K.L.:
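First, the structure itself, so that you have it in front of you.
By convention here, the first residue in the shown sequence is residue 1. What you are looking at is a predicted structure, and each value in this text was computed from that prediction instead of being measured.
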Amino acid sequence: MQITSITVTGIRLPLIRPFIVAYETYADMPTLLVKVETDAGITGYGEATPDQHVTGETWESTYSLLVHQLGPLVIGEDPFQIERIHEKMAGAVYGCPSAKAAIDIACYDIMGKATNQPVYNLLGGRFHDQLPVPYVVSILDPDVMAEEAKEAIRQGYESIKIKVGTNPVVDVKRIQAVRWAIGDHVQLRVDVNQGWRNKATTMWALEQVKTCNIDWIEQPVIADDISALAEIRRQTYLSVMIDEGVHGDREMRETIIKQAADKLNIKLMKCGGIYPALKLVAQAEMAGMECQVGSMVESAVASAAGAHLSAAKKTIISNELVGPLMFSRDVAAFPYEGKRIVLPNLPGLGIAVDEETIAELARMSAVIGK
């Protein structure tokens, strides 16, 4: 089997409400859909959702890279030869993981369809039958966040994740208000997205919220300062999760050597797709770290890829695959059942991508190989 053509389409997915994190406010979500066709008549879909603050890629640069470098590079390749494809992409361009993830995900979709197997069966089989999803609260005023979290619990969510990181003093009030609103027994996860910057600020903030029963604190310091994260972990009672600090094997090795985190947030857009994510899962398991599969707020395509990875691995104990819940319009239906993801026993990613919706949302598009 050979890849014969690739279609790259840039779209902007409409959000139900703005998504606000420490470093950006999103009114909609720019993403790129990749359709990979083969000489066997099998088509696979992938997605790149770049984040210039995390991966150093923009929507426009990722589109250009896929159209002019990575797309032409993999024409003629066998989608099953995934290590070879990754090696070629790595040799052609340094970094740029979300662009590589788009090709990777499409190849796994093709492999699943060619073998008539869901992607999770290519990754070890289904370990988790269902994947509970949290409710994610954007950065807002403390009382607004508290009310939103309280309403989410009324709707049936079992865990709440809140975004903080704009102002440590206000962030403390946000955490306290949400905990008071949802009660003592609901899981509460706090994601700082690097916003507290350094150890001193982080330790001060954690001291203020030590009675709030936080499940874990995620990436409080800048991504490159793994040493600071290690010091925080040694001095706090909380579990510490690293996110932006780990993109691939190099940062993962440093995290393990320095014992900098209890948990790892894996994002396909950050590491380059399913294949490199599997390596991170294996390293984390050997180091006794639990994993989460996160999201750059992706469409049903990349969210499905993350869900298949999550379903297949025991070490992945949580996910944040909530992108499809945040869009007023998506490119495919996503298999939520209540507040859980239940993947169907269908080949590939197991979703039906709507080409008409992609065409209607398209802002730019190119075909390589025809």
K.L.:
Can you confirm whether Glu356 is buried at CD, in the sense that more than 12 heavy atoms of other residues, nucleotides or ligands lie under 6.0 Å from that atom?
P.N.:
no

K.L.:
Answer with yes or no whether the hydrophobic clustering places Val322 together with Trp216; edges join I, L, V, M, F, W, Y residues whose side-chain heavy atoms lie under 4.5 Å apart.
P.N.:
no

K.L.:
Would you call Lys161 and Glu218 a salt bridge, using N to O less than 4.0 angstrom?
P.N.:
yes

K.L.:
Please find the pair of heavy atoms, one from Ala22 and one from Gly195, that lie closest to each other, and give the distance.
P.N.:
CB-CA, 4.4 Å

K.L.:
Looking at Val54, is its backbone amide N or carbonyl O close enough to the side chain of His247 to form a donor-acceptor pair, meaning the two atoms are under 3.5 Å apart?
P.N.:
yes

K.L.:
With a cut-off of 6.0 Å (strictly less than), are more than 12 heavy atoms of other residues, nucleotides or ligands near CH2 of Trp204?
P.N.:
yes

K.L.:
Taking all non-hydrogen atoms of both residues, which atom of Asp171 and which atom of Gly165 are closest, and how far apart?
P.N.:
OD2-N, 2.9 Å

K.L.:
Decide yes or no for Val8 and Tyr63: does some side-chain heavy atom of the first lie under 4.5 Å from some side-chain heavy atom of the second?
P.N.:
yes

K.L.:
Report the distance from atom OH of Tyr275 to atom NE2 of His86, rounding to the nearest 0.5 Å.
P.N.:
8.0 Å

K.L.:
Return the SG to CH2 distance between Cys212 and Trp180, rounded to the nearest 0.5 Å.
P.N.:
13.0 Å

K.L.:
Report the residue from Val178, Leu238, Ile160, Ile162 that forms a side chain to side chain contact (heavy atoms under 4.5 Å, CB included) with Val190.
P.N.:
Ile162

K.L.:
When rounded to the nearest 0.5 angstrom, what distance separates CZ in Phe327 from CD in Glu298?
P.N.:
8.5 Å

K.L.:
Would you give the length of the straight line joining atom CZ of Arg233 to atom CD1 of Ile226, rounded to the nearest 0.5 angstrom?
P.N.:
13.0 Å

K.L.:
Would you say Ile232 and Tyr237 are hydrophobically clustered, going by side-chain heavy atoms of ILVMFWY under 4.5 Å?
P.N.:
yes

K.L.:
Contact between Pro79 and Ile3 at the side-chain level, heavy atoms closer than 4.5 Å - yes or no?
P.N.:
yes

K.L.:
Identify the two heavy atoms, one from Ala311 and one from Leu343, that lie closest to each other, and give their separation to 0.1 Å.
P.N.:
CB-CD1, 3.9 Å

K.L.:
Would you compute the distance between atom CD1 of Ile242 and atom NZ of Lys258 and round it to the nearest 0.5 angstrom?
P.N.:
10.0 Å

K.L.:
Of all heavy-atom pairs between Arg126 and Asn121, which one has the smallest distance, and what is that distance?
P.N.:
N-OD1, 4.1 Å

K.L.:
CD of Glu355: more than 12 outside heavy atoms within 6.0 angstrom?
P.N.:
yes

K.L.:
Decide, yes or no, whether a salt bridge links Arg154 with Glu151 under the criterion of side-chain N to carboxylate O below 4.0 Å.
P.N.:
yes

K.L.:
Report yes if some heavy atom in the side chain of Leu321 is under 4.5 Å from a heavy atom in the side chain of Ser310; otherwise report no.
P.N.:
yes

K.L.:
Report whether Tyr135 and Met296 are members of the same hydrophobic cluster (ILVMFWY, side-chain heavy atoms less than 4.5 Å apart, transitive linking).
P.N.:
yes

K.L.:
Within the structure provided, determine whether Val93 and Lys100 are in side-chain contact (heavy-atom separation under 4.5 Å).
P.N.:
yes

K.L.:
Going by salt bridge (Lys or Arg N to Asp or Glu O under 4.0 Å), Glu158 matches just one of Lys339, Arg340, Arg189. Which one?
P.N.:
Arg340

K.L.:
Give a yes or no on whether the backbone of Ser98 and the side-chain of Glu57 come within a donor-acceptor separation of less than 3.5 Å.
P.N.:
yes

K.L.:
Indicate the atoms forming the closest heavy-atom contact of Cys291 with Val281, along with that distance.
P.N.:
SG-CA, 4.4 Å

K.L.:
Please test Ile42 against Met1 for side-chain contact (heavy atoms from CB on, under 4.5 Å), starting from the C-alpha separation and ending with a verdict.
P.N.:
CA-CA 9 Å; Ile42 299 171; Met1 185 190 301; 3.9 Å; yes

K.L.:
Hydrophobic clusters here meaning ILVMFWY residues chained together by side-chain heavy-atom distances under 4.5 Å, can you tell me if Ile222 and Leu264 are in one?
P.N.:
no

K.L.:
Find out whether Val172 and Val170 are in side-chain contact, i.e. whether some heavy atom of one side chain is under 4.5 Å from a heavy atom of the other.
P.N.:
no

K.L.:
Quick check for you: to the nearest 0.5 Å, what is the distance between Gln283 atom CD and Thr255 atom OG1?
P.N.:
10.0 Å

K.L.:
State whether the number of non-hydrogen atoms from other residues, nucleotides or ligands found under 6.0 Å of Gln69 atom CD is greater than 12.
P.N.:
yes

K.L.:
Below 4.0 angstrom, N of the basic side chain to O of the carboxylate: do Lys267 and Asp243 qualify?
P.N.:
yes

K.L.:
Taking NZ, NE, NH1 and NH2 as the nitrogens, is one of them in Lys113 or Asp109 under 4.0 Å from a carboxylate oxygen of the other?
P.N.:
yes

K.L.:
Scan Thr166, Asn167, Asp141 and name whichever one has a side-chain hydrogen bond (donor to acceptor under 3.5 Å, both in side chains) with Arg174.
P.N.:
Thr166

K.L.:
For Asp224, does the CG atom have more than 12 heavy-atom neighbours from other residues, nucleotides or ligands under 6.0 Å away?
P.N.:
no

K.L.:
Take Thr62 and Glu60 through the test side chain to side chain donor-acceptor pair (under 3.5 Å) and record every step on the way to the result.
P.N.:
CA-CA 5 Å; Thr62 304; Glu60 296 84 359; over 6 Å; no

K.L.:
Flag yes if Met364 and Ile103 sit in one hydrophobic cluster, no otherwise; membership is Ile, Leu, Val, Met, Phe, Trp, Tyr, and two members link when side-chain heavy atoms are under 4.5 Å apart.
P.N.:
yes

K.L.:
Would Arg363 and Trp59 count as a cation-pi pair here, with the cationic atom under 6.0 angstrom from the ring centre and within 45° of the axis?
P.N.:
no

K.L.:
Hey, does Asp262 have a side-chain heavy atom less than 4.5 Å from the side chain of Met241?
P.N.:
no

K.L.:
Taking it one step at a time, do Leu361 and Arg329 satisfy side-chain contact (heavy atoms from CB on, under 4.5 Å)?
P.N.:
CA-CA 10 Å; Leu361 295 175; Arg329 194 175 186 195; 4.0 Å; yes

K.L.:
Taking atom CD of Glu360 as the centre, does the number of heavy atoms from other residues, nucleotides or ligands within less than 6.0 Å exceed 12?
P.N.:
yes

K.L.:
Which of these, Asp354, Thr31, Val301, sits in a side chain to side chain contact (heavy atoms under 4.5 Å, CB included) with Val331?
P.N.:
Val301

K.L.:
Does the salt bridge (charged side-chain N to carboxylate O under 4.0 Å, His left out) test come out yes or no for Lys210 and Glu207, once each step is laid out?
P.N.:
CA-CA 5 Å; Lys210 63 183 180 181; Glu207 177 65 21; 2.8 Å; yes

K.L.:
Are side-chain N/O atoms of Ser318 and Glu320 paired as donor and acceptor at under 3.5 Å?
P.N.:
no

K.L.:
Would you call Tyr157 and Pro134 a side-chain contact if the rule is heavy atoms closer than 4.5 Å?
P.N.:
no

K.L.:
Considering only heavy atoms from C-beta outward, does the side chain of Asp129 approach that of Val342 to under 4.5 Å?
P.N.:
no

